[in-house]
Amino acid sequence: MAKLQAIRGMNDILPGQSQGWQFLEGIFHSVVRRFGYQEIRFPVLEQSSLFQRSIGELTDIVEKEMYTFEDRNGDKLSLRPEGTAGCVRAAEQHGLLYNQQQRLWYQGPMFRHERPQKGRYRQFHQFGVEAFGMAGPDIDAEVIKLSAQLWRDLDLIHHLTLEINNIGTASDRKSYSAALTGYLKQHSRALDDDARHRMYSNPLRVLDSKNAQVQAILQEAPVLANFVSPQSREHYEQLKSLLADLDIAFVENRHLVRGLDYYNNCVFEWTTLELGAQGAVCGGGRYDGLVEQLGGKATFACGFAMGIERLVLMLESLEKIPHDALKSIDVYILGADPDDAAQSQKLASAIRQQYPRLGVISHCGGGKSKAQIKRAYNLGATAVITLLADSDPACASIRRLDQSGGAETLEINSLVEQLGRFL
RNA sequence: GUGACUGUAACUCAGUUGGUAGAGUCCCGGACUGUGACUCCGGUUGUCGUGGGUUCGAGCCCCAUCAGUCACCCCA
């Protein structure tokens, strides 16, 4: 039988890495809690049409990156490539959006069939936040502030830059697109194939071309900001002033566009220089048209999603995962004599009962005490306990694994009582 | 989807012009140390990613395939 291996671009997260994930998840949970957001969970699999209608038929995600297949009933299904569509579907289906405000968050795996690369995988994970029923710009600012709070708590704030832009309403973009296509047509001989193709299918995406020649031509191109309606512009100006009031630094990027069609007005992206080519760590914005587009009542909405793998990568390379998070246990009970097994397990139980936050391992299997102590040390234990055979009443010695202090022998009951002294 | 590079013990790697594999770490045992971390001695570990081909003979050459890395592209 051939060696079993994971599907390309789908990673196993092993002990040693999972601590970083848990640290990140813990902070995320704490932040959404402090902002009053509630968790929503929805399926990994949806009707393909949900994503086609929300993300957009002509986007790369839908055109060539979705995992799509027919199930046994012949229904066309897709693994979710992002969270917003499913979140809106679930919220709408259960009436959460009808004349209501909602602050929701989710977390989980997403799937995109791309060529794997650093910070880019076929199964990847996102945290996301979606706020419904609020016209903004105060809610826009809140959502951005929530993300900024995360960076602060993770100590990543100095490694991230907030970029914002106003992409106007769908109809603003429509008239702008027409103007842009008209301009690009005049210069089509100087464009690359990619841009020539896109100037018709999705002209806005030509804006973030990395081709220097294309960028040069864009210098003289019509500017989206000039096509944006006064209301959008007003909204955007208010958001900028709110961000300033909240001490959130940002840069305006006139070429920032989103790869998903449902966004409108204010969009933003947090980027880093730490991850090579995959600099975007978190992206989001408003999508006031999406709920209606999916068959609901027109509903204001905004949110963001962030890539967990990318954040974990940053935390690892910048060594931001606290030492405590890497410890897996606190106390290791050495097992010298097989006859002590029951007593060792009982002692472990007593400690776990009385100190619910401590991790305790009672040694199983043979091995020299020297090797056991080494194992305890490598697991991050603070103290080791040795049961003393033939003592009456039952006694054990305990000592810290760092160099402070020697072993101390105590009766077992008082050892449990006084354990705190040694940790 | 395109390109470049890579794939040898659990880990990091070496392997010279093709002649059926080595080092360090880890692990195990022992010495020393007032029970891990330093030092010394000894020991285990591999279908050399997979499948074909060339050859008397391939880890080293050729083809295919799978996977990884980085970049393009795209995005989180």
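Quick caveat: nothing in here was measured; it's all calculated off a predicted structure. Convention: sequence-line order gives letters A, B, ...; per-chain numbering from 1.
The aromatic rings of A/H29 and A/F127 lie perpendicular to each other, with more than 60° between the two planes, well past the 30° mark. Taking the six-membered ring where tryptophan is involved, the planes of A/H125 and A/W21 are perpendicular, since the angle between them exceeds 60° and thus also 30°.
Phosphate proximity of B/G30 to A/K368: present, with a side-chain N or O under 4.0 Å from OP1 or OP2. Contact check, A/R112 against B/C75: no side-chain N or O comes under 4.0 Å of OP1 or OP2. For B/G49, neither phosphate oxygen OP1 nor OP2 lies less than 4.0 angstrom from any side-chain nitrogen or oxygen of A/Q5. Remark: A/K374 is not in phosphate contact with B/C26, judged by side-chain N or O atoms under 4.0 Å from OP1 or OP2.
Rounded to a whole angstrom, the distance from the P atom of B/G1 to that of B/G18 is 35 Å. Rounded to whole Å, the separation between the P atoms of B/G34 and B/U12 comes to 37 Å.
Near RNA chain B, meaning a heavy atom under 4.0 Å away, the residues from residues 270-283 of chain A are A/G276, A/A277, A/Q278, A/A280, A/V281, A/C282, A/G283.
Of the two residues near RNA chain B, A/H113 and A/R258, the one whose nearest nucleotide lies more 5' is A/H113.
For A/R115, the listed nucleotide lying nearest its side chain is B/A4; candidates were B/A4, B/U35, B/C74. Closest to the side chain of A/K118, out of B/G29, B/C70, B/A76, is B/C70.
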*Verdict with reasoning, A/Y37 to A/L146, per side-chain contact (heavy atoms from CB on, under 4.5 Å)*: CA-CA 10 Å; A/Y37 284 63; A/L146 191 158; 3.7 Å; yes
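In this structure, A/R258 forms a cation-pi arrangement with A/Y263, its terminal cationic atom sitting closer than 6.0 Å to the ring centre and no more than 45° off the ring axis.
Taking the six-membered ring wherever Trp is involved, the centroid distance between the rings of A/W270 and A/F304 does not fall below 6.0 Å.
Pairing analysis of RNA chain B (Watson-Crick: purine N1 to pyrimidine N3 plus N6-O4 or O6-N4; G-U wobble: N1-O2 and O6-N3; both under 3.5 Å) yields stems of 3 or more pairs at B:1-7 with B:66-72, B:10-13 with B:22-25, B:27-31 with B:39-43, B:49-53 with B:61-65.
Under the 4.0 Å criterion applied to side-chain N and carboxylate O atoms, A/R89 and A/E46 are assigned as salt-bridge partners.
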